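Notes follow once the structure below has been shown.
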Amino acid sequence: MIDTHRAIAVIMAMGKERGKEFIRNFQPDELRHMAECARTMSRLTEEDLSQVVHDFENTFVSGAGIDELDAKVAEMLADSFGEDGLVDLLGGGADNDNSSIWAHLSKVDPEALAEFLGEESELVTAFVLSRLPDQLVARVLLTLERQKRSEVIGFMIAAKPPSDVVVTMIEARLEETFGGDESEEGDRAGAVAAALNEFEREELDELLDDLKAIVAPKRLAAVRSKLFRFDDVARLEESALASIFDSMDQELLTLALKGASDEVKECVLNAVGQRNRRMIEAELSSPRPIRDTDIAAARRKIVSEILRRAHDGEFSLPSDQSA
């Protein structure tokens, strides 16, 4: 019996109340490993328990044996932390309804799914694949190493389904990695990005660095992809600049360009007709005062139009945005 299995046996021998207090001392990775190992254990006989207890120089219990260890371990974990807390602890704390993750998972890129499952245990991989369409299963299996592929197929054939709590944990981890409703996530990312676009560059960079520790990479990337501020027009392709600014209201452009960098001014002015350019340049050289709030409002309107048209597929935003 390997060390992890011995530890599980000892905890089971402690009894439910003492055991659930003891497991609070484990780290999340240790708890996850323990839950997975419990699935591979055979029935513990009284002799097995006695031997393990003796090995640990303990005298807790020599009982009648314990069947279905995975369910009992999951029950003890859930009883100790609560099912919601357990999902947060072991599953990544996904906050969406996991019932839709399987339908969504059948549409994800097979290579991305294979990469994810390549880091998971054979038992988890088998369960996930058992819930997916045959064609996708075949493509993922072909990417696995020969030994792992055989073990996964063996589990798919013979292993009993995991307990409901373990299924919840697996779904939470899948949700965290692949997400569910893309339109809903896109809406949330867009709303957050719209607010973040109001931050100064330095403040935004600091905030994004802080978010790396608490937001899943995929979700943070969705927000980053929608971050676009007026200064970023200098990074658009010439064809996009012409499409955006050539027919845009002259007064709006003049307001937005007031106080802008020379690079931004040149990019925008190069994209408009010569007549409009001369008129805008004349207005920009005028000493007429313009309120900062009017400048900011004009820039927000232009950025909103750029994001809308990019979303409609008219052009692409710079793909290498860092913030």
Side-chain angles (χ1 to χ4, degrees), residues 95-97 100-101 103-112 175 177-201 204-205 207-208 211 215-258 260-261 263-277 279-280 293-323:
D95 53 9
N96 288 340
D97 177 10
S100 64
I101 187 59
H104 176 68
L105 204 62
S106 65
K107 303 173 185 177
V108 304
D109 177 30
E111 292 185 3
E175 179 73 36
T177 303
F178 297 102
D181 189 335
E182 290 184 347
S183 62
E184 179 181 338
E185 286 202 2
D187 291 343
R188 285 190 292 168
V192 172
L196 295 184
N197 280 332
E198 300 298 317
F199 282 56
E200 294 297 328
R201 174 73 61 178
L204 180 58
D205 290 343
L207 177 60
L208 290 172
L211 289 176
V215 179
K218 179 187 174 186
R219 291 179 177 172
L220 188 56
V223 174
R224 282 183 177 276
S225 70
K226 296 177 182 294
L227 288 174
F228 189 91
R229 298 185 307 172
F230 187 70
D231 288 348
D232 291 323
V233 300
R235 303 172 60 227
L236 290 169
E237 295 182 356
E238 289 186 10
S239 57
L241 289 167
S243 173
I244 296 163
F245 294 115
D246 191 36
S247 59
M248 190 167 283
D249 180 74
Q250 175 189 318
E251 184 177 354
L252 181 67
L253 287 178
T254 303
L255 281 173
L257 290 176
K258 195 72 173 180
S261 69
E263 182 183 17
V264 170
K265 287 179 182 177
E266 193 62 26
C267 284
V268 174
L269 293 174
N270 282 339
V272 302
Q274 287 300 314
R275 179 173 179 274
N276 283 344
R277 175 171 183 146
M279 295 176 68
I280 292 173
T293 53
D294 292 338
I295 295 174
R299 291 179 179 181
R300 281 197 299 271
K301 188 171 183 178
I302 291 174
V303 166
S304 178
E305 177 68 7
I306 291 173
L307 290 173
R308 182 190 67 79
R309 294 173 65 174
H311 182 267
D312 291 343
E314 293 186 30
F315 50 82
S316 297
L317 296 178
S319 60
D320 60 340
Q321 292 186 79
S322 60

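From a predicted model like this one, the values you see are computed outputs, not experimental measurements.
- Contact between S243 and S247 at its shortest, heavy atoms only, is O-OG, 4.5 Å.
- Annotation: side chain of N270 is not in contact with side chain of L241 (no heavy-atom distance under 4.5 Å).
- For the atom pair CD1 (I244) and CD1 (I306), the distance works out to 4.0 Å, reported to the nearest 0.5 Å.
- Atom NE2 of residue H104 and atom CD of residue E175 lie 7.5 Å apart, to the nearest 0.5 angstrom.
- For the pair F245/L269, no side-chain contact is recorded, criterion being any heavy-atom separation below 4.5 Å from C-beta on.
- The distance from atom CE of M279 to atom CD of E251, rounded to the nearest 0.5 Å, is 10.5 Å.
- Smallest separation of non-hydrogen atoms from A260 and A256: CB-O, 4.3 Å.
- In this structure, L317 and D232 have side chains that are not in contact, with every pair of non-hydrogen atoms separated by 4.5 Å or more.
- For R308, the CZ atom is densely surrounded, since the number of other residues' heavy atoms within 6.0 Å is greater than 12.
- Between atom CG of residue D294 and atom CG of residue L252 there is a gap of 11.0 Å, rounded to the nearest 0.5 Å.
- Within 6.0 Å of CD in E305 there are more than 12 heavy atoms belonging to other residues, nucleotides or ligands.
- For the pair I302 and L253, the minimum side-chain heavy-atom distance is below 4.5 Å.
- Checking side-chain atoms of D312 against main-chain N and O of E314 turns up no donor-acceptor pair under 3.5 Å.
- At least one side-chain heavy atom of L208 sits less than 4.5 Å from a side-chain heavy atom of L227.
- To the nearest 0.5 Å, the span separating CD on E263 from CG on D231 amounts to 9.0 Å.
- Put simply, the side chain of T254 gets close to the backbone of Q250: a donor and an acceptor are under 3.5 Å apart.
- Side-chain contact between F230 and I295 is absent, with no heavy atoms from C-beta onward closer than 4.5 Å.
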